[in-house]
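The structure under discussion appears below in the form of structure tokens.
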Amino acid sequence: MARDVLLLERDGALRLLTLPGAAGTEVETAQPRVVARADLPGVVAELEAAPDGVRWVWDSTFRHHPPLVAAGVRVSRCWDLRLTRAILRGSTVVPADVRAREWPETDPAWDEWDGDLGSAAAISPLEDRGATLFDTAEGTDPGPASGDVARPPRRDVVAEHARQTRALAAVTDPERHHRLRLLLAAESSGALAAVELRHDGLPFARAEHEATLTRLLGPRPRAGVRPATLERLAGEIRAILDAPRLNPDSQPHLLRELRRNGLDVSSTAKWELQGNDHPVVAVLLEYKGLARLASANGWHWMDTWVREDRFRSDYVPSGVVTGRWSSRGGGALSLPNVIRSAVVADPGWSLVIVDAAQLEPRILAAMAGDSALLAAGARGDLYQGLVDAGAVDTRAHAKVGMLGALYGSTSGTSGMLVPRLARAYPRALGLVDGAARTGESGGVVTTWLGRSSPPASAAWREAQGAASGVGAGAAEESRARSRAREWGRFTRNFVVQGTAAEWALSWMAGVRQSLRRLSADDGAPHLAFFLHDELVVHTPDALAPQVVVAVERAAVQASALLFPHLRPPRPADGGEPRPLVPLDVVVARTYAESADADAEADADGGPDGEVGALVVEAAGTVVGLEPSDAAGT
DNA sequence: GTCGCCCGCGCC
DNA sequence: AAAAGGCGCGGGCGAC
């Protein structure tokens with residue numbers, strides 16, 4: 001087992017404390033090794049080369065990994081105490097008294113661990129933050145005024161490591177202990193990947209993007225001027241609405257003019273406009289779509305976030321309470337479909353684009369041990385599986401019904417379908433219903449691996465208490481009930497979204513480790529993008545087949561790590577067992593060639609036909625997951 | 001002038 | 001088909 005090496009910073013000096021034995025050994029017996037900051041990459045590289053490797057224990061990956069990566073050194077494993085602390089102190093898997101003792105609410109150290117060291121990037125988007133953090137840690141540069149980065153660290157790594165070790169030891173149930181350790185490892189590995197994703201960036205062809213912008217918006221205008229296409233559409237809108245001075249970007253003004261023209265709308269939202277039979281609707285929707293492109297991903301966006309044919313953004317592990325990542329800068333996690341054709345592999349390189357199909361319902365099925373739902377997903381398309389099983393009549397209904405079950409929909413077609421699913425899959429639906437009830441009554445829910453939801457706020461609890469007291473008004477009561485159901489929808493979704501995020505992190509960790517062992521004469525493959533349940537790897541052409549094998553194996557491994565008790569599910573009509581989470585894998589030149597199975601299925605008979613532009617082109621290769629691949633290791 | 005809110009929409 | 005879970009971001013606009 002890899003030994004733990006604690007990285008300590010005191011008064012600007014670095015010390016390495018190698019624990020003599022297995023994780024958790026008392027540190028007092030160890031002798032610290034003082035390392036000059038400039039020597040750190042070399043020392044790290046040397047320790048990484050040790051037979052069993054090491055696990056770096058540090059206060060934050062975002063402090064220490066960027067300078068190492070900039071120096072060409074990438075660590076294999078770490079324990080990111082800031083991220084794991086946030087999980088452990090909230091996890092109901094750790095006995096409450098232990099958490100209260102280790103991390104008292106009044107602990108003055110709390111603030112020191114609370115900051116987000118990734119925040120500097122938002123201020124200087126295209127700088128390589130490696131050097132900046134380096135200087136900041138030395139105290140030579142106060143850096144941007146973004147909390148942690150400006151403040152010298154006072155985090156006691158030794159004490160925190162001991163606290164977390166004790167908290168883990170207090171989880172005596174072996175299964176829960178194992179899962180929690182897995183979560184901490186996956187979270188920490190994700191932090192390493194996040195830093196590397198930022199450094200490596202997503203291959204992005206400026207010329208291709210410019211061509212798209214020019215085609216859709218017209219030539220680049222001077223700053224502050226509407227692109228030609230938008231100006232033309234704005235003119236049409238003004239003419240149709242008989243409002244010569246209308247600025248279509250002004251929602252209040254636009255809403256007034258729409259209502260004056262007889263449209264019964266209460267907002268300018270797209271879904272509301274669509275319900276109106278009026279000549280302005282089509283023009284306005286086109287305007288809104290293109291205006292969105294111009295402002296969110298236009299020329300200014302490209303100048304800000306794309307340099308040397310790489311799009312770089314900050315990724316923020318656990319930026320979402322459920323454990324999903326968020327991003328900062330450039331809207332990385334909402335990179336729209338229309339510009340994905342500009343994501344282009346370097347010459348001689350390919351993109352391996354991988355999507356974990358219908359991840360959330362599959363994860364729910366596994367958590368709940370719902371063998372009927374597992375079987376429904378075992379033939380590939382889970383939504384079609386619901387139809388084949390007779391639970392619902394169409395694939396579209398299966399999809400909205402399942403989303404309704406995961407999100408807590410109560411009305412409309414979606415809400416109407418949920419009871420049908422509940423009859424067909426009582427265990428799965430029972431799990432999310434239970435999570436909703438827990439939230440409605442003010443309780444905390446926890447993911448499969450042990451990440452707990454935040455407790456309801458004091459204001460929420462107060463409102464619930466007041467509404468149930470004597471003399472509570474009807475309005476007060478109804479408002480409280482509504483807020484209770486809101487929180488129930490949050491906790492309902494939390495357990496599924498959070499566990500899916502855990503699966504995805506474990507998957508990515510496996511992929512990352514595999515990629516580290518691959519390289520060719522012309523370079524090594526690297527993660528280029530991570531989008532909740534989707535990965536893009538940028539790889540030399542020659543290694544693409546090996547990357548495909550790696551992502552498939554990692555998916556099977558992730559399922560085995562989270563759900564070791566589950567046998568690979570079999571279709572209801574017999575046949576070979578299939579992976580719990582099948583992958584859609586495409587080897588392509590551009591991201592636009594990704595195979596969005598859902599979009600394709602929708603395009604078959606639905607109004608989303610324009611998405612058909614995304615179907616795999618001849619240049620792309622769709623790789624099916626054959627049952628034999630599931631054997632993995 | 002700057003700040004923060006709201007709205008709307010992109011992604012999962 | 002309908003407006004339910006999680007985000008980041010930009011424009012408009014009112015408060016300061």
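Predicted model only: the values in this text are computed from it and were never measured. Labels below follow one simple rule: chain letters A, B, ... track the order of the sequence lines, proteins then strands, and each chain is numbered from 1.
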- Nearest-nucleotide pick for A/S327, side chain only, options being C/dG8, B/dC11, B/dC12: C/dG8

- Item | Between A/N337 and A/Y591, a side-chain donor and acceptor under 3.5 Å | no

- Are A/R437 and A/E440 close enough for a salt bridge, meaning some N to O gap below 4.0 Å? no

- Task: Round to the nearest Å and state the distance from A/M402 atom CE to C/dA2 atom C1'.
- Result: 18 Å

- Query: Looking at the side chain of A/P252, which of C/dG5, C/dC13, B/dC11 is the nearest nucleotide?
  - Reply: C/dC13

- Message: Categorize A/L531 for me: base, sugar-phosphate, or nothing, with a 4.0 angstrom heavy-atom threshold over every strand shown.
- Response: sugar-phosphate

- Listed nucleotide nearest any side-chain atom of A/R328, set C/dC9, B/dC12, C/dA3: C/dC9

- Query: Any side-chain donor-acceptor pair under 3.5 Å between A/N247 and A/R238?
  - Reply: no

- Task: Find the distance A/R256:CZ to C/dG12:P and express it as a whole number of Å.
- Result: 15 Å

- With a 3.5 Å cut-off and just heavy-atom distances, do the side chain of A/S409 and the base of C/dA4 make a donor-acceptor pair? yes

- With stacking defined as ring centroids separated by under 5.5 Å and planes differing by under 30°, is A/Y407 stacked against C/dG5? yes

- Message: Taking donor-acceptor contacts at under 3.5 Å, does the side chain of A/R324 reach the base of C/dC7?
- Response: no

- Answer yes or no: does a side-chain N or O of A/S250 lie under 4.0 Å from OP1 or OP2 of C/dG11? no

- Message: Here's a test of your reading of the structure: between A/Q251 and A/F490, which maps to the more 5' nucleotide of DNA chain C?
- Response: A/F490

- Item | Among B/dG10, C/dG5, C/dA3, the nucleotide that comes nearest once only the side chain of A/Q274 is considered | C/dA3

- Nearest-neighbour nucleotide for the A/R340 side chain, B/dG8, C/dA3, B/dC11 considered: B/dC11

- How is A/R292 classified with respect to the nucleic acid when contacts are heavy atoms under 4.0 Å: base, sugar-phosphate, or nothing? base

- Remember a base hit wins even if backbone is also touched, and classify A/V320 as base, sugar-phosphate or nothing at under 4.0 Å, heavy atoms. sugar-phosphate

- May I have the distance from A/D249 (atom CG) to C/dC9 (atom P), rounded to whole angstrom? 20 Å

- Give the C-alpha distance, both sets of side-chain angles, the deciding distance and a yes or no for side-chain contact (heavy atoms from CB on, under 4.5 Å) between A/V306 and A/R206. CA-CA 8 Å; A/V306 177; A/R206 294 183 62 93; 3.8 Å; yes

- Task: Kindly point out which of B/dC12, C/dA3, C/dA1 is positioned nearest to the side chain of A/T413?
- Result: C/dA1

- Query: A/H397 has an atom NE2; how far is it from atom P of C/dA1, in whole Å?
  - Reply: 7 Å

- Message: Under 6.0 Å between ring centres: does that hold for A/F204 and A/W301?
- Response: yes

- Item | Residue A/N493, side-chain heavy atoms: nucleotide from C/dG10, C/dG6, B/dC11 that is nearest | C/dG6

- Task: Using a 4.0 Å heavy-atom cut-off across all strands, classify A/G404 as base, sugar-phosphate, or nothing.
- Result: base

- Under 3.5 Å donor-acceptor pair, A/S414 side-chain atoms to C/dA4 base atoms: yes

- Task: Determine the contact category for A/L335: base if any of its heavy atoms lies under 4.0 Å from a base atom, sugar-phosphate if only primed atoms, P, OP1 or OP2 are that close, otherwise nothing.
- Result: sugar-phosphate

- When you check the phosphate oxygens OP1 and OP2 of C/dG12, does a side-chain N or O of A/N247 lie under 4.0 Å from one of them? yes

- Side chain of A/K288 (C-beta onward), nearest among B/dG8, C/dG11, C/dA4: B/dG8

- Closer than 4.0 Å, any side-chain N/O of A/K270 to the OP1 or OP2 of C/dA3? no

- Task: May I have the distance from A/Y315 (atom OH) to C/dG8 (atom P), rounded to whole angstrom?
- Result: 14 Å

- Task: Could you check whether A/G330 gets within reach of a base, just the sugar-phosphate, or nothing at all, counting any heavy atom under 4.0 Å?
- Result: sugar-phosphate

- Query: Do A/F530 and A/W507 have ring centroids that are under 6.0 Å from one another?
  - Reply: no

- Answer with yes or no after comparing the ring centroid distance for A/W503 and A/F563 against a 6.0 Å cut-off, counting only values under it. no

- Message: Classify A/S411 by what it touches in the nucleic acid, base, sugar-phosphate, or nothing, heavy-atom distance under 4.0 Å.
- Response: sugar-phosphate

- Does OP1 or OP2 of C/dG8 have a side-chain N or O of A/S326 closer than 4.0 Å? yes

- Whole Å only: how far is the CG atom of A/N297 from the C1' atom of C/dG11? 15 Å

- Could you check how far CH2 of A/W325 sits from P of C/dC7, rounded to whole Å? 17 Å

- Query: Within this structure, what is the CH2-to-C1' distance between A/W301 and B/dC9, rounded to whole angstrom?
  - Reply: 16 Å

- Assign each of A/S313 and A/A405 the nucleotide of DNA chain C bearing its closest heavy atom; nearer the 5' end lies the nucleotide of A/A405

